[in-house]
Amino acid sequence: MATPMTAAAQETVVAPAPVGTITRAAARAQASAAVVRPHHAKGDPLEGFNRKMFSINQVFDRIFFRPVAMVYKTIVPNFARKGIRHFFSNIGEPLVFANDVLQLKPKRAVKTLGRFVVNSTIGVGGLLDVAKTRDFRLPHRDNSLGDTLGHYGVGPGPYLFLPFLGPSTFRDLPAGAAEAQALPVVIGSPFDRAEFRIPQAVLTGLDLRVESDAPLKALTASAIDPYATLRSSYLQDRAGRIAATHDARASGTTSDPLADPLADPLADPANGATAPVTGAASPDLLADPLADPAAGPRVPAPAAGSPVAGLAAPKPADPLADPLQDPAIPQANAPQAR
């Protein structure tokens, strides 16, 4: 957000040269240095325009959008808002399925299709997210045309912030607009009717504003430059999602925590399946729990006929003997041999 402090920091102050010592070349350099050239962050060549749009959006959000969203939150119960959110999310699952197919992810596409079928039938048209429960283990996974373009190497282009739409890029903005027209063009009614599209835009926008209220408060309260913080967060999130499309296809893994409910929660996922330690002996379930593990295995008695069978076995130690007595010196109280 542009503030008087940041605007003042961008001004360039040039100290005048002493009278009589300034030359024509120095005057030309001084005049060129006095011209303040706009600076922008990498990937944001439209920063000046974007900051103005961000300021307009902040004012609109403070005086209108957030108050209306808070009224919506107060009037509509939480379970009803969740049902509306799930309904519109379920409508978008065919687009997620299409992008899974375009990214050549057949397993993920099958799961997305299964999720759509389960929620459309058992979930009462998508009002209930039954597919993510432990009975089906089919959680929602975001995927979009912008992800598909990035997956095949299309760069994000310049960063762009527009009021009412929020942060985007030159790649994601037209991709999102194309996806918004996919169902109206391919299916038609009711997705092409204003009676459906206007409530969809209003309800999803209000719900998104309600759900993002706490993160936005934290951003504006703690960030020195909320605009730059939001830009960095958005671009990093988009880069992470594009990278995830390559990782998922290469490894075939999923981040779903319900993928293996019987897995050891303490096992290191980077090491794969838990393997026994090489060289470690299996614990003897019948071993004496009081035996000294450092004493080594017990030696069995020699069999009859063995060369050492006639040798006397060592006498067991006397538990009442003096622990300080030298075993080489006969004890005074020992009985005399007859």
Side-chain angles (χ1 to χ4, degrees), residues 82-156 168-169 171-192 196-197 200-201 204 207-208 211 234 236-263 269-270 272-273:
K82 282 186 177 181
I84 296 173
R85 186 186 316 141
H86 293 158
F87 174 76
F88 287 115
S89 175
N90 188 63
I91 291 176
E93 292 293 349
L95 299 177
V96 177
F97 169 80
N99 285 286
D100 291 339
V101 174
L102 291 175
Q103 295 172 18
L104 304 180
K105 298 177 182 177
K107 293 182 179 180
R108 184 164 173 171
V110 170
K111 291 181 179 180
T112 302
L113 181 60
R115 172 181 169 81
F116 175 72
V117 172
V118 169
N119 281 346
S120 298
T121 54
I122 305 177
V124 194
L127 292 176
L128 303 176
D129 193 355
V130 182
K132 72 175 183 180
T133 61
R134 291 186 177 273
D135 295 332
F136 298 98
R137 306 179 190 278
L138 296 172
H140 173 72
R141 295 180 175 88
D142 288 327
N143 206 350
S144 64
L145 183 57
D147 296 337
T148 301
L149 295 176
H151 178 79
Y152 289 106
V154 179
S168 186
T169 62
R171 176 194 63 203
D172 294 335
L173 183 63
E179 279 193 323
Q181 298 298 324
L183 293 179
V185 172
V186 175
I187 300 178
S189 182
F191 303 106
D192 60 346
F196 173 84
R197 305 192 68 174
Q200 179 188 24
T204 55
D207 182 73
L208 180 61
E211 294 300 316
Y234 174 81
Q236 289 181 20
D237 177 72
R238 294 298 296 129
R241 283 183 54 175
I242 299 303
T245 62
H246 296 284
D247 294 340
R249 187 178 69 168
S251 60
T253 59
T254 176
S255 59
D256 181 14
L258 301 177
D260 187 6
L262 302 179

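- One finds the CG atom of Leu128 at 10.5 Å from the CG atom of Asn90 (value rounded to the nearest 0.5 Å).
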Point to revise | Intermediate values then yes/no, side-chain contact (heavy atoms from CB on, under 4.5 Å), Glu93 and Ser120 | key: CA-CA 10 Å; Glu93 292 293 349; Ser120 298; over 6 Å; no
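- In this structure, the separation between CG on Asp207 and CZ on Phe88 is 10.0 Å, given to the nearest 0.5 Å.
- Defined by atom type and a distance below 3.5 Å, a donor-acceptor pair is present between the side-chain atoms of Gln103 and Thr148.
- Closest heavy-atom contact between Ala175 and Leu149: CB-CD1, 4.1 Å.
- Taking all atoms of both residues into account, the shortest heavy-atom contact from Val101 to Ala109 is CG2-CB, 3.9 Å.
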Donor-acceptor contacts under 3.5 Å from residues 177-192 side chains, at least two apart:
residue, atom, partner, partner atom, Å
Glu179, OE2, Asn99, ND2, 3.1
Glu179, OE2, Leu145, N, 2.9
Asp192, OD1, Ser189, N, 3.2

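- A donor-acceptor pair under 3.5 Å is absent between the side-chain atoms of Thr112 and the main chain of Val96, judged by distance alone.
- Side chains of Ser144 and Arg241 form a contact here, defined as non-hydrogen atoms less than 4.5 Å apart.
- In this structure, the separation between NE2 on His140 and NE2 on His86 is 10.0 Å, given to the nearest 0.5 Å.
- Note that OG1 of Thr121 and CZ of Phe116 are 9.5 Å apart. Values are rounded to the nearest 0.5 Å.
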Review point. Which is it for Asn119 and Lys132 under the side-chain contact (heavy atoms from CB on, under 4.5 Å) test, yes or no, and what are the steps along the way?
Key: CA-CA 9 Å; Asn119 281 346; Lys132 72 175 183 180; over 6 Å; no
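- Within the 4.5 Å cutoff, the side chain of Leu102 has no heavy atoms near those of the Phe97 side chain.
- The residues Arg85 and Asp129 are annotated as not salt-bridged, no charged nitrogen and carboxylate oxygen being separated by less than 4.0 angstrom.
- Inspection of the Asp172 and Thr169 side chains reveals an N or O donor paired with an N or O acceptor under 3.5 Å.
- Here CG of Asp100 is found 11.0 Å from OG1 of Thr245. Values are rounded to the nearest 0.5 Å.
- Arg171 places a side-chain N or O within donor-acceptor distance of the main-chain N or O of Val154, the cut-off being under 3.5 Å.
- Here the NZ atom belonging to Lys105 is positioned 6.0 Å from the CG atom belonging to Asn143, to the nearest 0.5 angstrom.
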